[in-house]
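Step one of this worksheet: look at the structure below.
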Number of protein chains: 2
Amino acid sequence: MSTATLVPVFAALGDETRWSILAALGEGDASASALAERLPVTRQAIAKHLAVLAEVGVVEPVRVGREVRYRVLGSELSATAARLDAVGREWERRLAAIKEIAEGL
Amino acid sequence: MSTATLVPVFAALGDETRWSILAALGEGDASASALAERLPVTRQAIAKHLAVLAEVGVVEPVRVGREVRYRVLGSELSATAARLDAVGREWERRLAAIKEIAEGL
DNA sequence: ATCACCTGCAACTCGATAGTTGCATAGCAT
DNA sequence: ATGCTATGCAACTATCGAGTTGCAGGTGAT
């Protein structure tokens, strides 16, 4: 995956409310309505957040009868982390190389 | 570090312009003015972005005479990646445990 | 000393988005 | 069939943030 698709994931993860939703989902799959009972925001707001999270693949909708439960995809977070780590290491490598050139080694 | 400090980092990384700034800095430290010559935004906009990035520790200001150059701290990105990976793995672990209980194993 | 250049601060515009309320729709249960 | 509950869609508000212009203050060089 390219960094172009990486940025929206970070944008999605850059919101406290979404993390509280993810934290709640960490205790088991839940629907927007169920989450709304535990969080201080309305169901519609949560539904929007879930849509954002689903869009970037951090969360996955699962139909159960008439309700739609959401599941956290921790593997996606780890995959994103792996890409970020690669970027960080690459930058370290390049700057180290530049530093060496600057020092005339 | 807690996830409370993690969120602002993701918010900072959830912007394309900031990534273009980071990419430019990857070719060597540079000041806001220098970056403004290479990017399609004004110096002040870049200065704001650099302030955001510095605030979360992704970038570091270095005074060189009358100018302020910025350096990317790739290690910070890797550290953030490590924390995100830990969160992702923890979620996978918890959901796997819940699944086992649900299946009566 | 003066000029050129870089940084810093403030005020403003504007688009995106978090959040709300209201209503319509659809599926389960009795 | 009817009522309860869940989702979906739409319109609206308000706040936040990205970007701009303008100007003041500092620091280096000649």
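First the proteins, then the strands, lettered A, B, ... as listed; each starts at 1. What you see is a predicted model, and the numbers here were worked out from it, not measured in a lab.
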Distances under 3.5 Å only, N/O to N/O: pair up the protein atoms with those of nucleotides 25-30 of chain D.
residue: D/dT27; atom: O2; partner: B/R66; partner atom: NH1; Å: 3.2

Residues within residues 22-51 of chain A bordering DNA chain D, heavy-atom distance below 4.0 Å: A/S31, A/A32, A/S33, A/R43, A/Q44, A/K48

Pairwise side-chain contact, A/W91 with B/L22, heavy-atom cut-off 4.5 Å (strictly under): yes

Outermost DNA chain C nucleotides near chain A [under 4.0 Å, heavy atoms]: C/dA18 to C/dC28

Candidate pair A/E27 and A/R38, rule salt bridge (charged side-chain N to carboxylate O under 4.0 Å, His left out), full reasoning: CA-CA 12 Å; A/E27 300 180 14; A/R38 309 177 45 183; 3.4 Å; yes

Lys/Arg-Asp/Glu bridge criterion (N-O < 4.0 Å) met for B/R69, B/E67: yes

Derivation of the side chain to side chain contact (heavy atoms under 4.5 Å, CB included) call for A/L73 and A/V58: CA-CA 5 Å; A/L73 297 178; A/V58 168; over 6 Å; no

Side-chain ion pair, B/R89 and B/E92, N-O less than 4.0 Å: no

Neighbour count above 12 (heavy atom, 6.0 Å) for A/R94 CZ: yes

Sugar-phosphate only, base, or nothing, as touched by B/R18 at under 4.0 Å among non-hydrogen atoms: sugar-phosphate

Residues, nucleotides or ligands: over 12 heavy atoms within 6.0 Å of A/E55 CD: no

pair A/L50-A/I21: side-chain heavy atoms closer than 4.5 Å: yes

Flag, side chain of B/S20 to backbone of B/T17, donor-acceptor distance under 3.5 Å: yes

Least distance between heavy atoms, B/L13 atom then A/V7 atom: O-CG1, 3.9 Å

